[in-house]
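For reference, the structure is listed below as structure tokens.
The analysis underlying the following values was restricted to heavy atoms, covering all of them including side chains, and did not include hydrogens, waters or symmetry mates.
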Amino acid sequence: MQEKTKIIRSVLAAKALKNPYKINFAITSYCNSRRQTCNVWRKFKKNPEVVKNDLSLKEIEKIFKTFPKSIIWLSLSGGEPFLKDDLVLVCKKAVENIPSPCAW
């Protein structure tokens, strides 16, 4: 119950200050799926080299460091995030740089 209260307070505080509390962050263009609600796989299929433009771990960490302190919710997306070789390290950097992540 305390975690839910923390989440609600954080969201309300962020909204009151007009700060974001949630970020959806695409970490890769690589996709092996063909979901009809997404076009990432079509772009990847046309040009698999697009993954060379994916951000490095160092670049991702730099971005995480710029996130406002109001962020409590981070969604990692892509393509397919689980196909990113350093996904575990990306998650580690997120936890290190987001001061108050909430567990859902």
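Note that the CD1 atom of Ile71 and the CZ atom of Phe64 stand 11.0 Å from one another [nearest 0.5 Å]. Here the CG atom belonging to Leu76 is positioned 11.5 Å from the OG1 atom belonging to Thr28, to the nearest 0.5 angstrom. Atom-to-atom distance recorded for Ser77:OG and Ile27:CD1 is 8.0 Å, nearest 0.5 angstrom. Atom CZ in Arg34 sits 4.0 Å away from atom NZ in Lys45 (nearest 0.5 Å). Here the CD1-CD1 distance, from Ile23 to Ile72, works out to 11.5 Å after rounding to the nearest 0.5 Å.
At a threshold of 4.5 Å between non-hydrogen side-chain atoms, the residues Ile98 and Phe67 count as touching. Here the side chains of Lys93 and Ile60 are not in contact, with every heavy-atom distance at 4.5 Å or above. Within the 4.5 Å cutoff, the side chain of Leu55 has heavy atoms near those of the Phe25 side chain. By the 4.5 Å heavy-atom criterion applied to side chains, Phe44 and Asn32 are not counted as neighbours.
With Asp54 contributing its side chain and Ser29 its backbone, the two residues share a donor-acceptor pair below 3.5 Å.
What you find for Leu87 and Pro81 is that their closest heavy atoms are CD2-O, 3.6 Å. Closest approach of Thr66 and Ile63 over heavy atoms only: OG1-O, 2.6 Å. Closest of all the heavy-atom pairs between Cys31 and Gly79 is CB-CA, 3.9 Å. Nearest heavy-atom pair, Ser33 versus Trp41, reported as atom, atom and distance to 0.1 Å: O-CB, 2.8 Å.
Note: Tyr21 and Trp73 have tilted aromatic rings, judged against thresholds of 30 and 60 degrees for the angle between ring planes.
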Original post:
Should Val90 and Lys84 be marked as a side-chain contact (heavy atoms from CB on, under 4.5 Å) after you check the CA-CA gap, both sets of side-chain angles, and the distance that decides it?
Top reply: CA-CA 9 Å; Val90 170; Lys84 184 148 176 77; 4.1 Å; yes
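Taking a 6.0 Å sphere around CG of Asp85, one finds it holds 12 or fewer heavy atoms contributed by other residues, nucleotides or ligands. The environment of CZ in Arg42 is crowded: more than 12 heavy-atom neighbours from other residues, nucleotides or ligands sit within 6.0 Å.
No single ILVMFWY cluster, assembled from side-chain heavy atoms under 4.5 Å apart, contains both Leu89 and Val51. Residues Phe82 and Leu74 share a single hydrophobic cluster, defined by chaining ILVMFWY side chains whose heavy atoms lie under 4.5 Å apart.
Remark: Asn53 engages no residue in a side-chain hydrogen bond (donor to acceptor under 3.5 Å, both in side chains) (not counting sequence neighbours).
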